[in-house]
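Right, one structure below, let's go through it.
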Amino acid sequence: MKTVIVVHGGAWSIPDALAESSVAGVKAAARAGDAVLKTGRSAIDAVETAVRCLEDDPTFDAGHGSVLNISGEVELDSIIMDGETLAAGAVASVRNIANPVSLARAVMEKTDHVMLTDRGASMFAEHIGTPVAHDLVTELERKEWEHSNSYRDGVKKNFNTQWGHDTVGAVALDSSGNVACATSTGGIRNKMVGRVGDSPIIGSGGYADNRSGAVSCTGHGESILKVTLARLILFHVEQGKSAVGAAEASLQYMSQRVKGCGGAVLLSSTGDWTASFTTPRMAWASVKEDVLHYGLNSKEHFTETLN
């Protein structure tokens, strides 16, 4: 089986000042995930590695560099899912964790549960020895938060009056034919304390099933939750649509039904993939058969041959 990885850095109105670093970040994450797959390791390993790269990059709203809630605090959400067994792990409203995707994987592998939140997630993180991070807030985000007015105004400013937000994610197909997904986010600036969007919710922020494929979503969390976007996309794959057709039909439905915009990376179990979005921009990258694909603007698709 030919390996594939596809990553995204969030669908929103990415400003020109962040365009170059956003593209560089997703390209680096895709290469990192591809390197894992090339050694014969699993799709789960690949998506965790790729998302950790994005969480560590302050360009993105996940891990280091996340946006602040209404109280000026970081609250993080993440999910990871194995398409072979449908095993999944998720965390929501966690603080002081640099890589919530790895904590989500620990929930999947070391507990009998699927999701842990807030205090319980922190207790579990301490129990398994996860390092505490005190440097997640960047100076740029602190300044942006101090000058922002409200959650609703912030969303409209960032997304040209459309609903959306910045999230990171990855999907992968390994040499054994297994797929996996991972999604991670800091949410939307000025969100209420304890607000959880789509990112850590199975079937909304992500889903993986060897029988169809894997999806990681990004966009306005409340809208994605209402249409269970990830599962909706895979439903269309199961009905025979191509990756592009399934993603575009689902995003169009979300736009028409609940006036929500966003994006998704989709990888079918046969290796068909797409990066689709209805926001002004989404940074994305993919590696398949030693070719790096990437883009930022609508209908944009560049390629580089890897050594």
Side-chain angles (χ1 to χ4, degrees), residues 5-35 47-69 74-78 96-102 133-148 154-155 157-160 164-171 182-191 197 199 205 216-221 262-265 275 277 279-287 292-298 300 302 304:
I5 185 159
V6 193
V7 305
H8 70 80
W12 62 298
S13 295
I14 300 170
D16 290 341
L18 292 178
E20 184 176 347
S21 61
S22 295
V23 172
V26 293
K27 288 169 69 175
R31 289 193 199 98
D34 177 61
V47 295
E48 180 189 12
T49 296
V51 170
R52 282 180 64 99
C53 286
L54 297 168
E55 289 173 338
D56 291 341
D57 188 333
T59 298
F60 303 103
D61 175 23
H64 184 64
S66 293
V67 299
L68 304 181
N69 65 17
V74 167
E75 288 185 306
L76 307 171
D77 307 324
S78 186
N96 300 324
I97 301 295
N99 297 112
V101 70
S102 293
H134 297 290
D135 60 346
L136 300 182
V137 182
T138 63
E139 182 179 352
L140 175 61
E141 171 54 25
R142 177 64 68 181
K143 290 180 179 178
E144 289 289 335
W145 178 79
E146 290 173 349
H147 288 92
S148 61
V155 170
K157 176 182 177 181
N158 284 336
F159 306 99
N160 294 345
H165 76 151
D166 187 7
T167 300
V168 305
V171 292
T183 306
S184 185
T185 189
I188 305 178
R189 184 178 296 121
N190 276 319
K191 63 185 179 180
S199 294
S216 173
C217 296
T218 170
H220 181 237
V265 289
F277 53 98
T279 51
R281 284 174 164 175
M282 182 177 82
W284 62 270
S286 175
V287 178
L292 173 67
H293 307 256
Y294 63 95
L296 178 69
N297 298 300
S298 179
E300 189 173 79
F302 301 109
E304 294 177 10

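- Between the side chain of Trp145 and the backbone N or O of Asn69, at least one donor-acceptor pair lies under 3.5 Å.
- Judged as a ring pair (Phe, Tyr, Trp, His ring centres under 6.0 Å), and not counting sequence neighbours, His64 has no contacts.
- Here Thr49 contributes atom OG1 and Asp34 contributes atom CG; the two are 11.5 Å apart, rounded to the nearest 0.5 Å.
- Considering every non-hydrogen atom in both Ala50 and Val7, the closest pair reads CB-CG1, 3.9 Å.
- One finds the CD atom of Glu141 at 7.0 Å from the CD atom of Glu144 (value rounded to the nearest 0.5 Å).
- The side-chain contact (heavy atoms from CB on, under 4.5 Å) test with Phe60 singles out one residue from Thr167, Val168, Val51, Leu18, and that residue is Val168.
- Within 6.0 Å of CD in Glu139 there are 12 or fewer heavy atoms belonging to other residues, nucleotides or ligands.
- Between Val67 and Ile188, the closest heavy-atom pair is CG2-C, 3.6 Å.
- Under a 3.5 Å cut-off, the side chain of Glu55 and the backbone N or O of Ser184 do not form any donor-acceptor pair.
- Between the Ser66 side chain and the Val74 main chain, no donor and acceptor come within less than 3.5 Å of each other.
- Side-chain contact between Asp16 and Arg281 is present, with at least one heavy-atom pair separated by less than 4.5 Å.
- For the pair Lys191 (side chain) and Gly197 (backbone), a donor-acceptor distance under 3.5 Å is absent.
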>> Between Thr183 and Ser216, is the side-chain hydrogen bond (donor to acceptor under 3.5 Å, both in side chains) condition met? List the steps.
In response: CA-CA 6 Å; Thr183 306; Ser216 173; 2.8 Å; yes
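- Here OG of Ser78 is found 11.0 Å from CZ of Arg52. Values are rounded to the nearest 0.5 Å.
- Of all heavy-atom pairs between Ser22 and Thr59, the closest is OG-CG2, 3.5 Å.
- Judged by distance alone, with hydrogens and angles left aside, the side-chain atoms of Glu300 form a donor-acceptor pair with the main-chain N or O of Leu296 at under 3.5 Å.
- How far CE of Met282 is from OG of Ser298: 10.5 Å, rounded to the nearest 0.5 Å.
- Here the CG atom belonging to Asp56 is positioned 4.5 Å from the CG atom belonging to Asn99, to the nearest 0.5 angstrom.
- Here the straight-line distance linking atom CG of Leu136 with atom CG of Asn96 works out to 6.5 Å at 0.5 Å rounding.
- Here the side chain of Thr218 pairs no donor or acceptor atom with the backbone of Ala264 at under 3.5 angstrom.
- For Leu76 against Gly63, the heavy-atom pair with the smallest separation is CD2-N, 3.9 Å.
- Minimum interatomic distance between Glu48 and Val101 (heavy atoms only, all atoms of both residues): O-CG1, 4.1 Å.
- Minimum heavy-atom separation, Ile5 to Ala30: CG2-O, 3.5 Å.
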